[in-house]
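In listed order, ligands and their atoms are each counted from 1.
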Amino acid sequence: MKVSEIVKDFKPYKVLEGNYRIWLDKNENPFDIPTEIKEEIFEELKNISFNRYPHITADPLRERIAEFLGFEKENVIVGNGSDELISLLLKLFEGDHIVISSPTFGMYSFFAKFEGIDLVDVPLDGRFKLQNVEDYAENARAIFICSPNNPTGNTQEREKIISVLETGAPVVLDEAYIEFAESSNVDLVSEYDNLIVLRTFSKAFGLAGIRVGYAVASKEIIDYLNRIKPPFALNSLSMRIAELMLDHYDLVKQNINYIIKERERIYKEFKDYAYPSEANFLLMRLNAYEFLLERGIVVRNFGGRLDGHIRVTIGKKEENDELIKALKEFLEKEY
Ligand SMILES: *Cc1c(COP(=O)(O)O)cnc(C)c1O
């Protein structure tokens, strides 16, 4: 038996052991679905035949998402998390490299490495804006733009996104956090058939554990994606739950407004250290990872260019109060 060298290069997932009280490390929604709605969902799930495979092209959920966005079902594909769609998108197009702009979401390079695809990194500038990615569009399998960007929280200008689209290269626009931002660029799908917009139910919709993501693109791209997707990757239960949450968008919207308000409250407290954000987290120039961990608060830390920074997910008010208190203590001690 010989395990491939590519696989050996991957590190095992680490689970943080310990008695932590507050989890602000994964950009999860702090609110679970309320019990009444969960019960309503469980009632609905009773009608699902567990012995049958899920709908092979997930049409009921695709129709519901299309209706929600004002597109057609043929413009939408759903996946087992948007992570699954990223891996499919890397297989779809010809080309010898992908373009990313670091610091950004790790799954683009994760899957590229797995597929043996060359990675061209055109780092974001000092204000975390895109640089000359257009120069690397020739023969690119895909150019990844994450907006709002994880972990920096900022969005990219619409004009810049259009300029990248004008190269004609496939552009994957990751809008995982778009519900917390001012505006989306999903409408550009009608104009540019080289644009794929990725969305997810994991963040604003509070369904990270359910694993549903989707992509919006031209009918041609979605058709090809549907041909290569594993037929039954997304299970019947998760699909139905995502559909039902779209019926409860008023509740989702309430939570989004709460999180944005809390984000701005924390930002104002740490203006000198935090970067403006249009997502459900804040990046801060504070080397406080260990300090917070000792106080039972888990956030994200980084290496490389973001060494000494933390990314804090916006939690419930009480959690944010504790975070603010701990960070103020940190500042008094360290600065
Ligand atoms: C969380 C996140 C996703 C969503 O991943 P899922 O697989 O749908 O849970 C996608 N892109 C970015 C940038 C993210 O931060």
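Between R52 and S236 there is no side-chain heavy-atom pair separated by less than 4.5 Å. Taking 4.5 Å as the limit, every side-chain heavy atom of R263 sits out of range of all side-chain heavy atoms of N320. At a threshold of 4.5 Å between non-hydrogen side-chain atoms, the residues Y108 and C146 count as touching.
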Criterion ring pair (Phe, Tyr, Trp, His ring centres under 6.0 Å) on F180 and F281, from CA distance to verdict:
CA-CA 10 Å; F180 304 103; F281 56 83; 8.8 Å; no
For a ring pair (Phe, Tyr, Trp, His ring centres under 6.0 Å) check, start with the C-alpha distance between F105 and F144, then their side-chain angles and the critical distance, and finish with the verdict.
CA-CA 10 Å; F105 190 47; F144 283 87; 9.7 Å; no
Verify side-chain contact (heavy atoms from CB on, under 4.5 Å) between N301 and R311, making sure each step is shown before the conclusion.
CA-CA 6 Å; N301 64 347; R311 186 196 68 195; over 6 Å; no
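In summary, the atoms of ligand 1 found under 4.0 Å from a heavy atom of S202, numbered by their order in the structure, are 6 (P), 8 (O), 9 (O). Using a 4.0 Å cut-off to heavy atoms of K203, the atoms of ligand 1 that qualify are 1 (C), 2 (C), 3 (C), 4 (C), 14 (C), 15 (O). Using a 4.0 Å cut-off to heavy atoms of A176, the atoms of ligand 1 that qualify are 2 (C), 3 (C), 10 (C), 11 (N), 12 (C), 14 (C).
Closest to atom 7 (O) of ligand 1, if we only count protein heavy atoms, is R211 NH2, 2.7 Å. In terms of protein heavy atoms, atom 10 (C) of ligand 1 is closest to S82 OG, 3.4 Å.
Contact annotation: for C146 versus ligand 1, heavy atoms closer than 4.0 Å belong to the side chain alone. Only the side chain of Y177 comes within contact range of ligand 1, with a heavy atom under 4.0 Å; no backbone atom does.
On a distance-only criterion, N27 and ligand 1 share no N/O pair closer than 3.5 Å. In terms of polar-atom proximity, Y108 is not counted as a contact of ligand 1, lacking any N or O under 3.5 Å from an N or O of the ligand.
With a 6.0 Å cutoff to the six-membered ring centre and a 45° limit on the axis angle, R295 counts as a cation-pi contact of F291.
Assignment of D174 to the shell around ligand 1 is supported, since a heavy atom sits closer than 4.0 Å. Within the structure, the closest approach of A208 to ligand 1 does not fall below 4.0 Å when heavy atoms are considered.
The minimum heavy-atom distance linking K113 with I6 is given by the pair O-CG2, 3.7 Å.
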